[in-house]
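Written below as structure tokens is the structure these notes are about.
Protein chains get the first letters and strands the later ones, always in sequence-line order, with residue 1 at the start of each. Scope of the values below: all heavy atoms of this structure, side chains included, with no hydrogens, waters or symmetry mates. Since this is a predicted model, take the numbers as computed values, not measurements.
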Protein chains: 2
Amino acid sequence: MAPNTDQRPRPERRGDETRERILDVAVELFNEQGYERTSLRQIAERLGVTKAALYYHFKSKEDILLELHLRLHAVGRDALEQLEGLDDEAVVAAWPSLLDTLIELLLANRDLFLVNQRNRKALQAFAEDGRHVDAGQDIEARFGRLLADPKIPLERRVRMAASVGAVVATLAAGEVFGDATADDVARLARGVARDVVRQPGDAL
Amino acid sequence: MAPNTDQRPRPERRGDETRERILDVAVELFNEQGYERTSLRQIAERLGVTKAALYYHFKSKEDILLELHLRLHAVGRDALEQLEGLDDEAVVAAWPSLLDTLIELLLANRDLFLVNQRNRKALQAFAEDGRHVDAGQDIEARFGRLLADPKIPLERRVRMAASVGAVVATLAAGEVFGDATADDVARLARGVARDVVRQPGDAL
DNA sequence: GTCTATATTTCGATAGAC
DNA sequence: GTCTATCGAAATATAGAC
């Protein structure tokens with residue numbers, strides 16, 4: 001193979017590694033303090049570099065949060081693609097299985113999830129300021145449309161909203177259950193989710 | 001009765017009325033944009049006064065949020081006093097009834113609730129900076145201790161966390177259920193909450 | 001009680017050396 | 001790729017007139 005004559009440093013090299021570390025520290029701080037209360041100075045200090053260095057890797061503070069949003073979407077992309085083309089009724093039918101997937105993903109990417117959940121306002125502000133965050137296939141937008149669809153019985157929709165709330169609250173509480181392994185909590189969360197979606201009147 | 005010779009303007013007069021309006025506008029804007037993204041200039045403009053006027057009524061921006069926090073506590077005080085002296089096991093027993101109260105209060109003070117829920121980080125930051133927000137009888141702290149109590153079976157604790165998450169998510173979703181009256185949503189929320197707390201193995 | 005005007009601080013972002 | 005130095009904007013907060 002010919003030697004690498006590319007002037008740019010190879011991707012997946014030292015540079016991208018620093019980029020990763022920036023994102024890691026950002027997730028930490030955004031979760032501890034929130035996005036708005038976290039300054040670039042804090043991120044830089046915890047990382048042991050200067051603010052200006054951050055600007056080499058990201059063109060703005062918003063871009064850091066936006067990148068974290070994209071990563072969450074990447075995590076849920078497989079699940080999202082399964083829904084492509086399905087109408088709302090079909091999504092309702094698939095809901096119990098979707099909740100299991102949600103629990104699994106939430107457990108494996110807890111911090112990333114929480115950052116996105118706790119900074120919804122900031123993300124939606126960017127979107128309104130012209131920045132498109134996927135537009136049509138945004139997962140949250142689709143969920144909102146689902147809850148508004150009058151073709152689905154109200155109780156079904158309420159229980160969908162409640163099931164997500166129950167799961168997120170349970171896994172966000174996470175380590176307050178001092179004892180308890182992650183697997184224990186996940187198993188119990190699945191049980192709760194099942195009880196929420198299975199409404200009275202459903203066939204057993 | 002002798003004429004009022006007090007130099008200060010009477011309480012519950014024009015002054016407190018403006019104070020109320022400030023809090024009302026603050027709740028609106030904090031819910032629309034979040035606490036950190038809302039500037040005092042915006043509050044003043046929507047109110048038709050200047051920033052300086054706000055500082056006559058509140059000594060800082062934090063104080064506005066803190067006041068809203070105190071109001072929420074005032075709303076839930078009756079419910080909280082019922083729990084005084086009860087040990088954790090007794091609270092668990094009272095949980096189903098507490099959830100009904102939560103639903104009722106949440107529905108009657110939706111905006112106030114949401115501001116406090118969405119700005120938890122900011123409030124807890126103030127508390128750590130020396131400002132005491134009740135210390136011992138803070139409702140959220142008590143809830144956290146309850147979830148950590150190993151004397152309560154894990155599944156019970158998980159279901160308590162999940163029930164609150166389900167209720168809050170349902171009522172926060174609120175108007176996305178385009179049709180549906182508040183009463184409908186409240187009734188369905190009670191049903192869901194009941195299904196969450198009543199775990200398998202409980203006597204019917 | 002509300003105003004105008006301004007002080008003070010902090011933050012995001014850029015320029016240019018190394 | 002990271003640094004020093006700094007800019008400009010915006011925010012909180014204060015001083016003092018009315």
[X] side chain N/O closer than 4.0 Å to the phosphate oxygens (OP1, OP2) of [N]?
X      : N       : value
S39(A) : dT10(C) : no
Y56(A) : dT2(D)  : no
R41(B) : dA10(D) : no
T50(A) : dC3(D)  : yes

| task | Please tell me which of the listed nucleotides, dC3(D), dG1(D), dT12(D), lies nearest to the side chain of K61(B)? | result | dT12(D)
| task | Would you name the heavy atoms of D88(B) and R142(B) that are closest together and state the gap between them? | result | OD1-NH2, 3.7 Å
Using atom [atom1] of [X] as one end and atom [atom2] of [N] as the other, report the distance to the nearest whole Å.
X      : N       : atom1 : atom2 : result
E62(B) : dA11(D) : CD    : P     : 17 Å
K51(B) : dA7(C)  : NZ    : C1'   : 11 Å
I64(A) : dG12(C) : CD1   : C1'   : 11 Å
R21(B) : dG1(C)  : CZ    : C1'   : 12 Å
F58(A) : dC11(C) : CZ    : P     : 20 Å
R37(A) : dT10(C) : CZ    : C1'   : 13 Å
R19(A) : dG1(D)  : CZ    : P     : 11 Å
Y55(B) : dG1(C)  : OH    : P     : 19 Å

| task | Examine distances only and state if a side-chain atom of K121(B) and a backbone atom of N31(A) form a donor-acceptor pair shorter than 3.5 Å. | result | yes
| task | Output yes when a side-chain donor or acceptor of R110(B) lies under 3.5 Å from a complementary backbone atom of A172(B), and no otherwise. | result | yes
| field | Earlier contact from the 5' end, DNA chain C, for A52(A) and Q42(A) | value | Q42(A)
| request: Report yes or no: is the cationic atom of K61(A) (NZ for Lys, CZ for Arg) closer than 6.0 Å to the six-membered ring centre of Y35(A), at no more than 45° off its axis? | output: yes
| Criterion side chain to side chain contact (heavy atoms under 4.5 Å, CB included) against V158(B), the qualifying member of L188(A), L171(A), D184(A) | L188(A)
